[in-house]
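The basis for the numbers below is simple: all heavy atoms, side chains too, and nothing from hydrogens, waters or symmetry mates.
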Amino acid sequence: MSWIELQFLGKAVESLRRCRQVLMQTYVFAFYLEKTNESEMFESNQKDLESATEILSGFLEQDLEQEKISVETITELRKKVLDKATYCDQRRDALLTHVCEGSEKNVWVYSPPDVHKLMMGLPPV
């Protein structure tokens, strides 16, 4: 396999890194949220991103060092990886947008309430 044939992997790894970083931060955010309809929607979006991220990770863990990998196999893997990376990016953006919009509309209810003061002091995403 040539270097050019595997360029898609670098883009997918970067997408995976960004998604995991967002998930890491949103787990903490979710921990301090009171259970409301908005927090349920947030957790649903978070779960969707988590699931898609794990699938992408699984694609990237496949062994490509086998001697008998065909061009068709690489082409199929490339399509799956790029599709899932694009989906992950879209879900990550949707989750971050939901958090920002919730902050702007002041819909997040934190437990304990003092966390709200802390969250309002954070710079925008």
To the closest 0.5 Å, what do you measure between [atom1] ([X]) and [atom2] ([Y])?
X	Y	atom1	atom2	value
Lys11	Thr86	NZ	OG1	10.0 Å
Glu50	Arg91	CD	CZ	13.5 Å
Leu23	Arg18	CG	CZ	13.0 Å
Gln25	Gln21	CD	CD	5.5 Å
Glu40	Glu38	CD	CD	10.5 Å
Leu82	Leu9	CG	CG	8.5 Å

Has [X] got a side-chain atom pairing as donor or acceptor with [Y]'s backbone, closer than 3.5 angstrom?
X	Y	answer
Thr26	Phe29	no
Ser103	Val99	yes
Ser39	Glu34	yes
Ser51	Asp48	no

Out of curiosity, does [Y] fall in the hydrophobic cluster containing [X] (side-chain heavy atoms, cut-off under 4.5 Å, transitive links)?
X	Y	value
Tyr32	Val109	no
Leu33	Tyr27	yes
Phe8	Tyr87	no

Quick one: closest heavy-atom pair of [X] and [Y], and the distance?
X	Y	result
Cys88	Leu49	O-CD1, 3.6 Å
His98	Phe42	CE1-N, 3.4 Å
Ser15	Leu56	OG-CD2, 4.3 Å
Gln46	Leu95	N-CD1, 3.9 Å

Practice item. Output, in order, the C-alpha distance, side-chain angles, deciding distance and verdict of salt bridge (Lys or Arg N to Asp or Glu O under 4.0 Å) for Glu76 and Lys79. Key: CA-CA 5 Å; Glu76 182 180 323; Lys79 181 179 179 346; over 6 Å; no
Check your understanding: Looking just at side-chain N and O atoms, do Ser57 and Glu61 make a donor-acceptor pair shorter than 3.5 Å?
Key ->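 Glu61 and Ser57 do have a side-chain donor-acceptor pair below 3.5 Å.
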Practice item. For the pair Arg92 and Asp89, evaluate salt bridge (Lys or Arg N to Asp or Glu O under 4.0 Å) and give the outcome as yes or no after the intermediate values. Key: CA-CA 5 Å; Arg92 186 191 73 245; Asp89 289 339; 2.8 Å; yes
Practice item. Check whether any side-chain heavy atom of Arg17 sits under 4.5 Å from a side-chain heavy atom of Glu14, and report yes or no. Key: yes
